[in-house]
2 protein chains.
Amino acid sequence: MTTIDEVAQLAGVSPATVSKVLNNRPYVSAEKRALIERVIAETGFVPSQRARGLSKRRSYIFGMLIPYTSNQLFADPHLLECIRGIEDVANTHDYNMLLSTARAPAEAASACVRLLRSDVIDGAIVLETIDLQPFTEVLQQHDAPMVAIGYAQGTALHAIHADDYGGALSAMHYLLSLGHRRIGIVSSVLRPFALEERLRGVRVALEARGLCLNEQLIALGDFSSISGEAAGRALLAQPEPPTAIFALNDRMAIGVMRAARELNISIPEQLSVIGFDDIPTASMATPPLTTVRQPGFALGDTAANVLFALLDGSMPPPAAVIPTELIVRGTTAPPLH
Amino acid sequence: MTTIDEVAQLAGVSPATVSKVLNNRPYVSAEKRALIERVIAETGFVPSQRARGLSKRRSYIFGMLIPYTSNQLFADPHLLECIRGIEDVANTHDYNMLLSTARAPAEAASACVRLLRSDVIDGAIVLETIDLQPFTEVLQQHDAPMVAIGYAQGTALHAIHADDYGGALSAMHYLLSLGHRRIGIVSSVLRPFALEERLRGVRVALEARGLCLNEQLIALGDFSSISGEAAGRALLAQPEPPTAIFALNDRMAIGVMRAARELNISIPEQLSVIGFDDIPTASMATPPLTTVRQPGFALGDTAANVLFALLDGSMPPPAAVIPTELIVRGTTAPPLH
DNA sequence: ATGCTATAGGAAACCGCTTTACTATCCACG
DNA sequence: CGTGGATAGTAAAGCGGTTTCCTATAGCAT
């Protein structure tokens, strides 16, 4: 392993000068700089992050905390996009990402504290599906750079989330404008705040037309397509079935489509379906699913950018909302008659 | 941030003594040890991994390299189990896991070299879906601890994989012993070596009965359930359809079941289906899927253990094969007639 | 010529912990 | 009673970079 001293010796300069070149700082003549750079290239020298971190008081690593319970959630292509966005930004900042999956909710915060105190990470991105409450304390003791992906109300964490409310609102507006009045909703038993916001969008859209959310037309799933299928079946088995179903995520929407097909209900003629997320399979379903796009990449991207802003000491806005977009495809049409 | 010197001062000893306590090493009297431990507890001191790593020449972090292309693969619950197994072992060794997703195949190896040279990681676990060839070079230059999850032939990497061959063999034996003779296979266009091995198991089982693999009875998918559905439909649409279908992963098997249901072919009466992996949804399907269990957790667990063996300098076996197990559930029965 | 500032470069301290000497006791044993 | 070996503890030298401070020279105006 080459060290900075070896490079210095080979170039006939002091390590201090090599350091200046490495951090491209002034007060090095063009010739020496070139010489040193050549030696570095020849030896393939790469500075040790350990040593560098010790002086700079940085580890150049941030933590990504995901709840292990997010088994299905992790499987969500949306999260993958998110991670891609985060990694993209991390790479441009020469940072690496430590993955920490917390089993129990309480564990997450203490694991995070441990990682911070032991200088393993400089900051963290937390998925809101982890209970964020314990993190408030962490922040107070540590004022470490931390951002949450999700709504993190009452936690002093910087929160980044998609415009769930607006997305649901526009999905419902669209269905209503097509003429639908009996609209089924596939929600979930477990209700992260994002879902709460989507439901709020649903309610507000209905109220704007003088309608209200009919409890009978709500079915519950667990985000999986299988649960969506069951929910769809339940809704469609009602004496007066809905003419449209808004599933609060794509996988459940795809389940609903499956249920409809098995009941010989044609989409979109007899039933309109809208999902939420715009996962890759949404556009590949038959017919392709109308849905609300949640830009995962952008979410990850801005979350990471906020994190780095915090690391650099600049004060980013306390919360960022990433816009969503209604993608109209083939599963929506005006109701019959 | 408390340092070891502060602790030493508070306890009235030298930092060297505190270090002995931290690494629980001998030559410290019981009283001093107790005293120091109390001070540590009171101050909440946690040693800095940066500094510790610098002297110990370790970072206590290993890399987990996954190809980003494994979009779907990453979504595979199986991989999740694997990661859980890895993390479990990592935790007991006080190691952390750095996640690095490589976009291009070639990128992976160079990213890995960078991480190793810059002392960010001490070793790595690589998914075999990454092209492992470039890693051989890395190993030669670096002899870093590295293990591959998968078959890594010709790469000098330590390989850990499930007994794909044996699993496929027993699945086929079972179908054949039930009396099936026309057995459809759902394979994949993309053929990682694991799939090759499963196919070999299929062939050998058939040959043992004097049969051979009929090309007509092979359909190709891409591991997703949607592709499995298409493949199932194709197989069942044949003039002389198979009486059993062995899908080389569970998600495609579930697709096959969906195809059968839509064609009003009852399972297991008119068609037997076997999958591979035993993902959680397999047991929740209706009827529950007969499949070959691939113990993801054990895979991750032993991969990590081999890695740590390498780190400690002990020589582990060059390759480890994790046994698979046929789980008979409700989708298999003797053929009709 | 004299001062003053900007540029180049290096010596050495430092980051926080580990480890290698090295010293000082204490105990047993011939 | 001297000697040797274990035990307890510490000072100081790393680990591999960065950074502060200091010196030397050059360029420029006075």
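Sequence lines set the chain letters: A, B, ... in the order given, protein chains first and strands last, and positions in each chain run from 1.
When rounded to the nearest whole Å, the span between CG of B:D5 and C1' of C:dC15 equals 11 Å. In this structure, OH of A:Y60 is placed 13 Å from C1' of C:dC15, rounded to the nearest angstrom. Distance B:E6 CD to C:dC15 C1': 13 Å, rounded to the nearest Å. Taking atom CZ of B:R117 as the reference point, atom C1' of D:dG17 lies 17 Å away to the nearest angstrom. Summarising the geometry, the separation between CG on A:N23 and C1' on D:dT20 is reported as 15 Å, rounded to the nearest angstrom. At whole-Å resolution of the value, NZ in B:K20 and P in D:dA8 are 9 Å apart.
Among the protein residues, B:D119 comes within range of no part of the nucleic acid, since none of its heavy atoms lies under 4.0 Å from any strand. B:T17 comes within 4.0 angstrom of a base, heavy atoms only. Among the protein residues, B:K32 comes within range of the sugar-phosphate backbone only, with heavy atoms under 4.0 Å from sugar or phosphate atoms but none that close to a base. Residue contacts for B:V18: at a heavy-atom cut-off of 4.0 Å it reaches no nucleic acid atom on any strand shown.
In this structure, of D:dG17, C:dT19, C:dA12, it is D:dG17 that holds the atom nearest to the side chain of A:I4. Side-chain proximity of A:R25 to D:dT19, D:dG17, C:dA8: nearest is D:dT19.
Taking side-chain N and O atoms only, B:Y27 has no distance below 4.0 Å to OP1 or OP2 of D:dG9. Close to C:dG9, at under 4.0 Å from its OP1 or OP2, lies a side-chain N or O of A:S29.
A:S19 places no side-chain N or O within donor-acceptor distance of the main-chain N or O of A:P15, the cut-off being under 3.5 Å. Side-chain atoms of A:E87 come within 3.5 Å of backbone N or O of B:T101 as a donor-acceptor pair.
Using cut-offs of 30° and 60° for the angle between ring planes, the A:F308 and A:H93 rings count as parallel.
Positionally, the nearest nucleotide of DNA chain D for B:G12 lies more toward the 5' end than for the other of B:G12 and A:T3.
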For nucleotides 22-28 of chain D, which of its nitrogen or oxygen atoms have a protein nitrogen or oxygen under 3.5 Å away, and what is each distance?
none

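Looking at every heavy atom in both residues, B:L157 comes nearest to B:A148 through CD1-CB, 4.0 Å. Here the closest heavy-atom approach between residue B:V147 and residue B:A303 is recorded as CG2-O, 3.8 Å.
Remark: the A:R52 side chain and the A:N23 side chain contain an N/O donor-acceptor pair separated by less than 3.5 Å. Defined by atom type and a distance below 3.5 Å, a donor-acceptor pair is missing between the side-chain atoms of A:T43 and A:E6. Between the side chains of B:S59 and B:D122, at least one donor-acceptor pair of N or O atoms lies under 3.5 Å.
Using a 4.5 Å cut-off on side-chain heavy atoms (C-beta onward), A:L22 and A:I40 make contact. Using a 4.5 Å heavy-atom threshold, the side chains of A:C112 and A:V126 count as separate.
For A:R114, the CZ atom sits in a loose shell: 12 or fewer heavy atoms of surrounding residues, nucleotides or ligands are nearer than 6.0 Å.
For A:R84 and A:E81, the salt-bridge test passes: some basic side-chain N is under 4.0 Å from an acidic carboxylate O.
For the helix from C:dA1-D:dT30 to C:dG30-D:dC1, the axis fitted to the five pairs at one end and the axis fitted to the five pairs at the other end meet at an angle of 60° (nearest 10 degrees).
Contact check of residues 43-58 of chain A against DNA chain C (heavy atom, cut-off under 4.0 Å) returns A:L54, A:S55, A:R57.
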